[in-house]
Enquirer: 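Could you have a look at this structure, given as structure tokens, before my questions?
As a basis for the values below, the full set of heavy atoms in this structure was taken, side chains included, without hydrogen atoms, waters or symmetry mates.
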Amino acid sequence: MRVLVTGGAGFIGSHVVDALRSYGHEAVVYDVRDDPGADVRDAAAVARSLHGIDAVCHQAAMVGLGNGVADAAEYVSHNDLGTAVVLSAMAAAGVGRLVLAGSMVVYGEGRYDCVRHGVVRPGPRTAGDLGAGVYEPRCPSCGNQLSAGLTAEDSPLDPRNVYATTKLTQENLAAAWARSTGGSAVSLRYHNVYGPRMPRDTPYAGVASFFRSALARGEAPRVFEDGRQRRDFVHVRDVAAANVAALEAAARDGALTVYNTGSGEPHTVGEMARALAGACGGPGPVVTGEYRLGDVRHITADSSRLRTELGWKPEIGFDEGMREFTKAG
């Protein structure tokens, strides 16, 4: 299979390229890092890149929480306009297979259960609560404390910042493309991806990268809130393998299929900071109580559908991955 990988020189995209080639596929990189003319918003350039292509693995995106709504236009331009251009060019070229880099941010908060009201959807946390150190969402009906569980693909969608909204729009565009062209689209909703080649010290780097950079400077990682936020940290090579599995699976023509892509082993942000500090012999993390509006408290994946339907499973455990990450470039 000849696969165009948009964003193929980036953190996740470059690993997808490696995985495709290791499985015997031809990966064609389309990325502004390699070629300033390779912008996914450039319809003519995208159209030229699709010559002889069998499938597209769309990784190119502007990522991270961003700066409120100040950079909303830039996010929408890169993520949603860019995706629309790619899909239009695919339709014109007759390329009928897409794998999209989705994100768990489309869910907002994860799954919560109330002992009185069952599964509930808490609203966004307020600055007042966060400033007072009240981090756990409470039942919107009775105010009781909730228990967090695994989030499945059929959970309600509730994007809570500009980036999350653009990721959901990407999925909606892919679904519209699949219906109108009969193409097959898969969105892999990545959870917290980490590993080699992760960007360092940029506004859009992940928390794992910030912690690693602090430790490299001999400083303690600074952990927001109380450090008990639960996430699913999944290694980038496992994510790349999921992309290959999605491309090699039987096509579901005319539809978008979504899969959570996570390790299935929830850990807290504090655990991750301690694991990194221990792996590199650095100072232990400092819990600051700081917070960011728009961050969710708990979001962890139920990735059983991906395992069952595509035969994928993560191969790199948390401790092994964190040890490698401290040494990675």
Side-chain angles (χ1 to χ4, degrees), residues 1-64 66 71 73-93 95 97-103 163 166-167 169-171 173-174 177 185-190 193-206 209 235-244 246-247 261 328-329:
M1 191 182 302
R2 193 165 189 257
V3 183
L4 182 73
V5 183
T6 68
F11 166 43
I12 298 175
S14 64
H15 285 277
V16 172
V17 169
D18 290 346
L20 284 166
R21 290 171 178 167
S22 71
Y23 280 85
H25 301 291
E26 182 182 354
V28 179
V29 175
Y30 187 90
D31 197 305
V32 291
R33 297 172 185 83
D34 284 352
D35 177 2
D39 190 320
V40 291
R41 297 168 295 180
D42 185 330
V46 173
R48 288 192 299 270
S49 73
L50 289 172
H51 180 71
I53 293 295
D54 302 305
V56 172
C57 192
H58 186 35
Q59 305 291 318
M62 184 175 175
V63 301
D71 46 10
E74 194 172 1
Y75 272 93
V76 171
S77 177
H78 282 88
N79 297 355
D80 298 337
L81 175 59
T83 298
V85 169
V86 169
L87 294 172
S88 296
M90 289 175 66
V95 179
R97 188 143 198 164
L98 171 74
V99 173
L100 173 69
S103 175
Y163 169 64
T166 66
K167 296 306 290 183
T169 299
Q170 284 185 311
E171 288 192 350
L173 288 166
W177 166 84
V186 170
S187 178
L188 298 175
R189 289 177 178 165
Y190 301 159
V193 186
Y194 73 97
R197 306 174 201 160
M198 193 174 192
R200 289 179 182 264
D201 304 324
T202 75
Y204 309 107
S209 182
H235 196 279
V236 67
R237 288 198 297 274
D238 286 330
V239 167
N243 277 269
V244 177
L247 285 164
T261 308

Enquirer: Take F11 and V63 through the test side chain to side chain contact (heavy atoms under 4.5 Å, CB included) and record every step on the way to the result.
Expert: CA-CA 11 Å; F11 166 43; V63 301; over 6 Å; no
Enquirer: Closer than 3.5 angstrom, by distance alone: can the side chain of S103 be matched with the main-chain N or O of R189 as a donor-acceptor pair?
Expert: no
Enquirer: Hey, what do you get for CG (D34) to OG (S14), rounding to the nearest 0.5 Å?
Expert: 10.0 Å
Enquirer: For the CD atom of E26 and the CG atom of L4, what is their distance to the nearest 0.5 Å?
Expert: 10.5 Å
Enquirer: Look up atom CG in D39 and atom OG in S77, then write down how far apart they are to the nearest 0.5 Å.
Expert: 7.5 Å
Enquirer: A side-chain contact here means heavy atoms from C-beta on lying under 4.5 Å apart; do H25 and L247 qualify?
Expert: no
Enquirer: How long is the straight-line distance from CG of D238 back to NE2 of H15, given to the nearest 0.5 Å?
Expert: 11.0 Å
Enquirer: Can you name the nearest heavy-atom pair linking R41 to V85, along with the distance?
Expert: O-CG2, 3.9 Å
Enquirer: What's the shortest heavy-atom distance between A27 and V5, and which atoms?
Expert: CB-CG2, 4.5 Å
Enquirer: Report the C-alpha distance between L188 and N243 in whole Å, list the side-chain angles of each, state the deciding distance to 0.1 Å, and finish with yes or no for side chain to side chain contact (heavy atoms under 4.5 Å, CB included).
Expert: CA-CA 8 Å; L188 298 175; N243 277 269; 3.7 Å; yes
Enquirer: Checking the side chain of T261 only, and the main-chain atoms of V239 only, is there a donor and an acceptor separated by less than 3.5 Å?
Expert: no
Enquirer: Please determine whether side chain to side chain contact (heavy atoms under 4.5 Å, CB included) holds for the pair V244 and L20, giving the CA-CA distance in whole Å, both sets of side-chain angles, and the decisive distance to 0.1 Å.
Expert: CA-CA 6 Å; V244 177; L20 284 166; 4.0 Å; yes
Enquirer: Any side-chain heavy atom of T169 within less than 4.5 Å of one from T83?
Expert: no
Enquirer: Kindly give the heavy-atom pair with the smallest separation between W177 and L98, and that separation in Å.
Expert: CZ3-CB, 3.9 Å
Enquirer: Decide yes or no on side-chain hydrogen bond (donor to acceptor under 3.5 Å, both in side chains) for Y163 and D71, but give the supporting numbers first.
Expert: CA-CA 10 Å; Y163 169 64; D71 46 10; over 6 Å; no
Enquirer: Could you list the residues that satisfy side chain to side chain contact (heavy atoms under 4.5 Å, CB included) with A84, not counting sequence neighbours?
Expert: L173
Enquirer: Any side-chain heavy atom of C57 sitting closer than 4.5 Å to one from R97?
Expert: no
Enquirer: What are the two closest non-hydrogen atoms of G7 and A60, and how far apart are they?
Expert: N-CB, 3.7 Å
Enquirer: Minimum heavy-atom separation for N79 to A61, with atom names?
Expert: OD1-CA, 3.3 Å
Enquirer: Below 4.5 Å, heavy atoms only, C-beta onward: do D80 and Q170 meet side chain to side chain?
Expert: yes
Enquirer: Are M62 and T166 packed together at the side-chain level, in the sense that at least one heavy-atom pair is separated by less than 4.5 angstrom?
Expert: no
Enquirer: So K167 and Y190, do their side chains get closer than 4.5 Å, heavy atoms only?
Expert: no
Enquirer: With rounding to the nearest 0.5 angstrom, report the OH to CE distance, Y23 to M1.
Expert: 13.5 Å
Enquirer: If I take atom CZ from residue R2 and atom CD1 from residue I53, how far apart are they, to the nearest 0.5 angstrom?
Expert: 4.5 Å
Enquirer: Specify the closest pair of heavy atoms between R237 and H235, including all atoms of both residues, with the distance to one decimal.
Expert: N-ND1, 3.0 Å
Enquirer: Any side-chain heavy atom of V46 sitting closer than 4.5 Å to one from Y30?
Expert: yes
Enquirer: Tell me, do M198 and V236 make a side-chain contact under 4.5 Å, heavy atoms counted?
Expert: no
